[in-house]
2 protein chains.
Amino acid sequence: MEAVNTKANDTPRAMPKQARRKQLIQATIKCIAKKGLSSTTMADVTQQAGLSMGIVNLHFQSKERLLIETLRYISDEYTDGLNKIFNDKSLSTEQKILAHINFDFSRAIIDRNKLAVWFAFWGETKSRPTYLSICASYINEIANNLTHLFALLKQQGDYSNVNPELVCTCYTALSDGLWLDLLITPKGMKPAQAQAVAMHYLATQFPEHFKNEI
Amino acid sequence: MEAVNTKANDTPRAMPKQARRKQLIQATIKCIAKKGLSSTTMADVTQQAGLSMGIVNLHFQSKERLLIETLRYISDEYTDGLNKIFNDKSLSTEQKILAHINFDFSRAIIDRNKLAVWFAFWGETKSRPTYLSICASYINEIANNLTHLFALLKQQGDYSNVNPELVCTCYTALSDGLWLDLLITPKGMKPAQAQAVAMHYLATQFPEHFKNEI
DNA sequence: CAACCAAATGAATGGTTATTCATTTTTATG
DNA sequence: CATAAAAATGAATAACCATTCATTTGGTTG
């Protein structure tokens with residue numbers, strides 16, 4: 001997901017394969033947001049990317065693989081961001097949790113184009129095992145990490161009746177639901193507001209740590 | 001949404017128009033769950049319903065209208081169920097809220113076929129104003145009712161720092177997120193468990209009323 | 001700069017799919 | 001029972017779309 005040389009204006013033909021793939025994935029995200037997954041065509045994607053019809057099959061073999069790579073792209077972006085926080089040894093447990101929430105509602109993540117992509121794929125998981133397995137793997141990974149953080153925080157205060165697993169499940173579901181609000185009621189729910197709702201829940205569980213954040 | 005005469009085995013041709021439309025909508029729900037919105041075809045739907053190709057255009061004019069009516073169907077089913085609870089004068093405020101949660105995680109609502117339909121349409125709202133407006137209207141209606149219930153409950157206990165609007169937003173998002181868990185991790189999350197998570201949140205806000213429900 | 005190679009193009013192809021409508025089947029009416 | 005009206009059928013049609021591949025373009029190398 002890191003900086004790939006995308007000097008599209010200079011010498012397009014010299015772009016590394018990886019960069020062209022990224023360009024096509026980003027065009028796909030825009031198209032899914034603009035036209036919906038069900039009516040996004042190869043012609044739409046290639047035109048959005050400013051390239052020719054055959055290009056997708058050249059780089060991805062098929063439309064289906066392009067879609068899978070698109071899901072993997074946003075899913076990796078999300079997981080990588082959270083892992084970086086989780087593995088950052090300069091942060092305290094409390095700071096990691098705060099950074100996690102900040103990330104969940106950061107511009108790059110709650111971009112409405114990407115939210116549209118998330119929901120489009122979630123809607124198809126029941127019929128596409130490949131989509132489901134991509135989603136399932138990142139979900140477990142994140143849940144384990146976050147539960148661990150809550151368990152650590154529990155030891156740092158008077159939180160004897162906090163259940164870290166339950167809090168993780170609840171926080172995660174809440175975050176997903178707030179993403180939905182950001183997607184379908186853009187005028188009613190602003191990112192900062194969504195983040196405040198998430199903080200409000202954490203404050204109910206860890207008042208000593210998060211009461212002041214609201 | 002009420003009982004429509006569907007005597008499919010007796011005299012199919014005599015079914016009222018409304019019933020045939022319902023039959024087609026239910027076939028559509030099954031197909032979207034089975035094949036995904038993007039690859040559900042007219043042939044799939046009519047075959048699932050045990051009818052002939054031309055039937056959808058006869059009753060719905062076009063595929064697009066069938067899809068819109070399908071969204072309206074699940075959306076009405078949900079809204080009607082909640083309104084019935086909200087308007088039931090035999091229930092106390094507390095009982096209404098409990099009934100609301102029970103309904104949110106009842107078999108009819110968290111049927112995985114229907115969940116797949118919800119997410120499929122949510123994923124397309126950004127590109128289809130019609131889908132968006134159907135969703136937007138029911139969301140506002142429910143939020144107003146639920147906020148009102150929380151405001152009433154606030155007066156029945158030591159809840160001076162409870163914010164009914166915030167609690168409504170948070171509960172609603174949580175519920176949507178739990179629906180996602182039920183859709184994509186069916187083996188990990190059971191309906192009763194999801195409901196318990198929702199109750200857990202309400203207990204943080206109204207401990208005097210809901211602490212014992214967990 | 002010439003020759004080669006990789007990347008990209010886009011017209012052509014073939015398969016898929018929504019929609020139509022002439023025909024058939026069923027129900028209602030007198 | 002005969003006739004008319006309504007409902008349903010499904011083969012035919014026309015539009016659409018993913019994929020292919022012969023050709024062109026651009027970059028690299030010696």
Side-chain angles (χ1 to χ4, degrees), chain A residues 4-28 31-32 34-71 120 124 127-128 130, chain B residues 4-28 30-32 34-70 120 124 127-128 130:
Chain A
V4 175
N5 179 13
T6 56
K7 44 177 175 176
N9 297 328
D10 310 335
T11 49
R13 298 288 277 261
M15 281 165 73
K17 285 201 169 198
Q18 194 58 30
R20 181 114 300 172
R21 286 167 62 95
K22 183 173 172 181
Q23 180 189 7
L24 288 167
I25 286 170
Q26 282 168 337
T28 306
C31 287
I32 291 175
K34 199 192 297 174
K35 312 196 59 180
L37 180 55
S38 63
S39 49
T40 289
T41 67
M42 297 272 103
D44 293 328
V45 171
T46 54
Q47 197 180 344
Q48 172 71 44
L51 297 167
S52 66
M53 278 256 22
I55 198 81
V56 166
N57 288 281
L58 186 67
H59 288 275
F60 291 93
Q61 281 67 256
S62 71
K63 182 184 181 182
E64 178 63 14
R65 274 171 199 260
L66 170 67
L67 294 177
I68 288 169
E69 292 305 314
T70 301
L71 174 57
E124 303 260 306
S127 50
R128 312 251 175 168
T130 310
Chain B
V4 176
N5 179 12
T6 57
K7 44 176 176 175
N9 297 328
D10 309 336
T11 51
R13 299 287 277 260
M15 283 164 75
K17 286 201 168 197
Q18 195 57 28
R20 181 114 299 171
R21 286 167 62 95
K22 184 174 172 181
Q23 180 189 8
L24 288 166
I25 285 170
Q26 283 170 335
T28 306
K30 275 201 183 140
C31 287
I32 291 174
K34 198 193 296 176
K35 310 196 60 180
L37 180 55
S38 62
S39 49
T40 289
T41 67
M42 296 273 105
D44 293 328
V45 172
T46 54
Q47 199 180 343
Q48 172 72 46
L51 297 167
S52 67
M53 279 256 23
I55 198 81
V56 166
N57 288 281
L58 185 68
H59 287 275
F60 290 93
Q61 279 67 257
S62 70
K63 182 185 181 183
E64 178 62 14
R65 276 172 198 258
L66 170 66
L67 294 177
I68 289 170
E69 293 305 316
T70 301
E124 303 259 305
S127 50
R128 313 251 174 165
T130 310

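Proteins get letters first, then strands, A, B, ... in listed order; numbering begins at 1 in each. None of the values given here were measured: they were computed from a predicted structure.
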message = Nearest whole Å is fine: how far is C:dT25 C1' from B:L51 CG?
response = 14 Å
ask   = To the nearest Å, how far apart are A:Q47 CD and D:dA18 C1'?
value = 16 Å
query = Could you give the CD1-to-C1' distance, from B:I55 to C:dT26, as a whole number of Å?
reply = 13 Å
inquiry  = In the structure I gave you, are the side-chain heavy atoms of A:K22 and A:Q26 within less than 4.5 Å of one another anywhere?
reply    = yes
Side-chain (A:E124) to main-chain (B:A120) donor-acceptor, under 3.5 angstrom = no
message = Rounded to whole Å, how long is the line connecting atom NZ of A:K17 with atom C1' of C:dA6?
response = 9 Å
Atom pair distance, as rounded to whole Å: CG in B:L58 and C1' in C:dT25 = 14 Å
ask   = Is the NZ atom of B:K30 crowded by more than 12 outside heavy atoms at less than 6.0 Å?
value = no
message = Closer than 3.5 angstrom, by distance alone: can the side chain of A:E69 be matched with the main-chain N or O of A:F60 as a donor-acceptor pair?
response = no
query = In the 5'-to-3' direction, what one-character label does each nucleotide of nucleotides 16-22 of chain C receive under the scheme B = base within less than 4.0 Å of a protein heavy atom, S = sugar-phosphate only, - = no such atom?
reply = -SSBB--
request  = Could you grab the distance from atom CD1 of B:I25 to atom CZ of B:R21, nearest 0.5 Å is fine?
outcome  = 6.0 Å
message = Taking 4.0 Å as the cut-off, does a side-chain nitrogen or oxygen of A:H59 come that near to OP1 or OP2 on C:dA7?
response = no
ask   = Atom CZ of A:R20 and atom P of D:dG26: how far apart are they, to the nearest Å?
value = 13 Å
ask   = If we only count heavy atoms from C-beta on, is the A:I32 to A:L67 side-chain gap below 4.5 Å?
value = yes
note = In whole angstroms, the gap separating P of C:dA8 from CZ of A:F60 amounts to 12 Å
